[in-house]
Number of protein chains: 2
Amino acid sequence: MVKITDVARHAGVSPSTVSYALSGKRPISDETRRRIEASIRELGYRPHAGARALASSRSNVLALVIPLRTGIHVPVVMQFAVSVVTTARRYDHDVLLLTQEEGEEGLHRVADTALVDALIVMDVQLHDPRLPLLRTLERPSVLIGFPAAAQGLTCVDLDFRAAGELCVERLAGLGHRVVALVGSPPEVYVRETAFAQRVVQGFTTAADRNGMASSVRPCPATPAAARRTAEQLLREQPALTGVVVHNEAVLEPLVDAFEQLGLRVPTDLSITAICPDELAASLRVPVTSVALPAAELGERAAELLMRRLDGDPDVPEATLLTPRLTERASTAPREAP
Amino acid sequence: MVKITDVARHAGVSPSTVSYALSGKRPISDETRRRIEASIRELGYRPHAGARALASSRSNVLALVIPLRTGIHVPVVMQFAVSVVTTARRYDHDVLLLTQEEGEEGLHRVADTALVDALIVMDVQLHDPRLPLLRTLERPSVLIGFPAAAQGLTCVDLDFRAAGELCVERLAGLGHRVVALVGSPPEVYVRETAFAQRVVQGFTTAADRNGMASSVRPCPATPAAARRTAEQLLREQPALTGVVVHNEAVLEPLVDAFEQLGLRVPTDLSITAICPDELAASLRVPVTSVALPAAELGERAAELLMRRLDGDPDVPEATLLTPRLTERASTAPREAP
DNA sequence: TGGGGACGTCGAAGCGCTTCGACGCAGGAC
DNA sequence: GTCCTGCGTCGAAGCGCTTCGACGTCCCCA
């Protein structure tokens with residue numbers, strides 16, 4: 001293994017000079033820098049990560065905690081993770097993958113051993129047991145999702161409340177008066193996943209504001225459940241003409257189910273969804289949707305973390321991305337009755 | 001930060017004794033060990049990862065390189081990753097996430113800086129440009145997938161050739177004489193992804209062996225493409241009664257398409273697939289399938305790597321998992337003509 | 001009864017890097 | 001001409017841990 005002393009000798013300087021040339025923390029003459037760079041290239045030098053971490057108390061590694069639970073759309077998690085990795089690399093950092101299964105002990109482990117400099121935590125619950133820990137940890141963290149009490153924590157998320165409202169407002173603008181929300185699987189609400197509840201709030205608020213008849217229905221992530229949900233909705237709200245779907249897994253089967261029950265989309269029934277754009281656009285009937293910007297969320301999270309690591313004093317605590325609705329083929333004005 | 005010297009003082013022993021108590025590399029009396037453990041607990045000591053890595057030349061971190069490309073089923077990648085992380089943790093290791101985008105430079109970086117002790121590389125191509133690098137790297141690696149020339153490399157994969165054969169043999173056993181393979185998207189074959197080609201080989205071999213009429217058709221990962229493929233197949237092979245699907249994304253739309261074209265599954269058309277069990281089992285018509293054992297592959301890969309890190313001299317180079325077929329509702333004996 | 005292990009512990013060296021203080025030197029201000 | 005300042009570089013200390021060799025003690029066997 002070639003080390004910094006080898007480079008120093010080869011370039012005719014001291015090890016500290018090589019270190020400063022690499023880090024830029026002290027001025028180095030162009031001439032010297034060039035010699036050092038040449039030596040590094042020639043010898044194929046790579047600084048030892050452990051030695052660096054020990055001496056500088058910086059590992060240049062971020063921890064990313066991903067959820068494993070059911071009811072969470074896997075491609076979204078993946079997109080997010082990839083985006084975090086890509087962004088971290090732009091700032092010369094790497095990403096350590098943790099599963100939620102490891103729990104608080106896992107967070108402690110990687111933080112207290114200085115394996116990582118900072119953490120990104122996904123799938124935050126309204127009353128997440130990890131919050132106190134994250135607050136006391138000596139390393140900064142960014143949460144994806146907003147817990148009930150977010151003070152002192154850096155949080156990033158899509159504004160799901162506004163997303164719910166946006167979907168309803170769109171339907172209202174098209175003249176629909178009776179709407180329903182097909183939500184995430186029941187277990188997601190049971191464990192008080194923040195974003196799911198916010199969608200419900202936004203949906204309800206906007207429906208009330210517009211004087212619409214509305215109902216909310218969680219839905220397990222299976223085609224059979226989708227079909228059952230569609231049947232129940234039509235039975236209980238025969239005048240239903242607008243549906244908001246916040247459940248990636250059943251979006252397609254749900255559309256199919258409605259059509260098999262005799263409703264044409266969008267002629268008889270308008271559908272809007274909150275889901276990744278790729279999914280909405282790829283369906284047989286492309287669905288008008290509010291995008292779930294997983295990649296942007298990942299990027300933002302990583303960037304906020306880098307700012308905090310840089311000691312930036314005014315990193316915003318709350319970052320809510322504004323939802324954007326893309327019109328596709330699943331929405332139309334309500335037919336005159 | 002509490003360090004090993006603090007623990008040593010608190011327990012009334014020398015730092016080296018604490019270290020040996022922790023690593024078990026030298027015998028320590030029960031009495032002393034207990035005192036040390038108590039001190040560790042009381043002080044909340046966690047060894048500094050960087051210092052450890054520097055002194056022991058072991059970071060206890062594995063690199064996992066995941067593919068980003070199109071045509072690869074995301075949930076499978078995720079399952080695999082989670083399984084690697086879980087298994088690595090069993091052996092007290094963590095996992096650093098790299099994207100394929102980083103390429104050979106990324107491999108070099110994490111290996112040469114001693115950030116990681118070993119690497120797991122997914123989505124290996126038949127003639128993967130990373131192979132020479134992996135061979136010369138001073139750290140062990142395990143590949144998921146078999147390149148054309150695998151000597152000197154530790155590889156793990158499902159036996160896709162056998163999986164292809166198994167699907168055909170099942171159809172043959174049910175009396176089917178005309179079969180087709182709906183494969184992965186064309187780009188997967190273009191870049192010579194090993195597993196896709198092996199399925200084709202197995203399929204063709206078994207079909208020939210059984211004197212069946214057969215055809216192979218790559219299929220883009222969209223419902224529209226699935227429908228088009230179904231139509232073309234029926235046009236070109238009107239006597240078709242058996243289909244093997246090796247393409248997660250189109251499995252469901254393909255079944256739908258066949259049914260819409262007037263074929264009942266399994267009465268008129270038997271279908272077998274190579275895909276994750278969850279997917280096959282969750283469809284409206286549960287599909288007879290050969291499981292893609294992502295979790296098991298991940299576990300095997302991590303375990304092989306741990307053995308190599310332990311210096312085990314006879315770690316097998318090739319590990320091919322035997323495919324298992326699960327009978328479901330999509331296959332039936334061929335109707336008497 | 002003496003010698004040789006095994007056991008349990010310690011001290012010191014060193015892993016490869018960063019960083020702090022110091023120092024020589026050139027240039028500008030007076 | 002002197003003094004000060006800032007630039008560019010060096011040497012040494014030290015980050016927190018592991019590991020090697022050494023040493024004392026005890027026990028067992030000849």
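Numbered from 1 within each chain, the chains take letters A, B, ... in sequence-line order.
For the OP1/OP2 pair of D:dT18 and a distance below 4.0 Å, the side-chain nitrogens and oxygens of B:Ser19 include at least one atom meeting the criterion. OP1 or OP2 of D:dC10 lies within a sub-4.0 Å distance of a side-chain N or O belonging to A:Thr17. Contact check, B:Lys25 against D:dT19: a side-chain N or O comes under 4.0 Å of OP1 or OP2. Between B:Ser29 and C:dT9 there is a side-chain polar atom (N or O) within less than 4.0 angstrom of OP1 or OP2.
The B:Arg26 side chain lies nearest to C:dC10 when the options are D:dC17, C:dC10, D:dT18. Here the nucleotide nearest the side chain of A:Leu54, chosen from C:dG16, C:dC10, C:dT19, is C:dG16.
One interatomic measurement links the two molecules: CG of B:Leu22 to P of D:dC17, which rounds to 9 Å at whole-angstrom precision. Residue B:Asp30 contributes atom CG, which lies 12 Å from atom C1' of C:dG8 at whole-angstrom precision. The distance between atom OH of B:Tyr45 and atom C1' of D:dC17, rounded to the nearest whole Å, is 7 Å. For B:His48 and C:dC15, the NE2 to P distance is 19 Å, given to the nearest whole Å. Put simply, CE on B:Met1 is 18 Å from P on D:dG14, counting in whole angstrom units. Residue B:Leu115 contributes atom CG, which lies 16 Å from atom P of C:dG16 at whole-angstrom precision. When the C1' atom of D:dT9 is taken as reference, atom CD1 of A:Ile4 falls 14 Å away, rounded to whole Å.
Side chains of A:Phe195 and A:Asp157 form a contact here, defined as non-hydrogen atoms less than 4.5 Å apart.
At most 12 non-hydrogen atoms from other residues, nucleotides or ligands lie less than 6.0 angstrom from CZ of A:Arg300.
On a pure distance criterion of 3.5 Å, a polar donor-acceptor pair joins the side chain of A:Tyr20 and the base of C:dC20. Within 3.5 Å, no donor on the side chain of B:Ser14 pairs with an acceptor on the base of C:dG11, nor the reverse.
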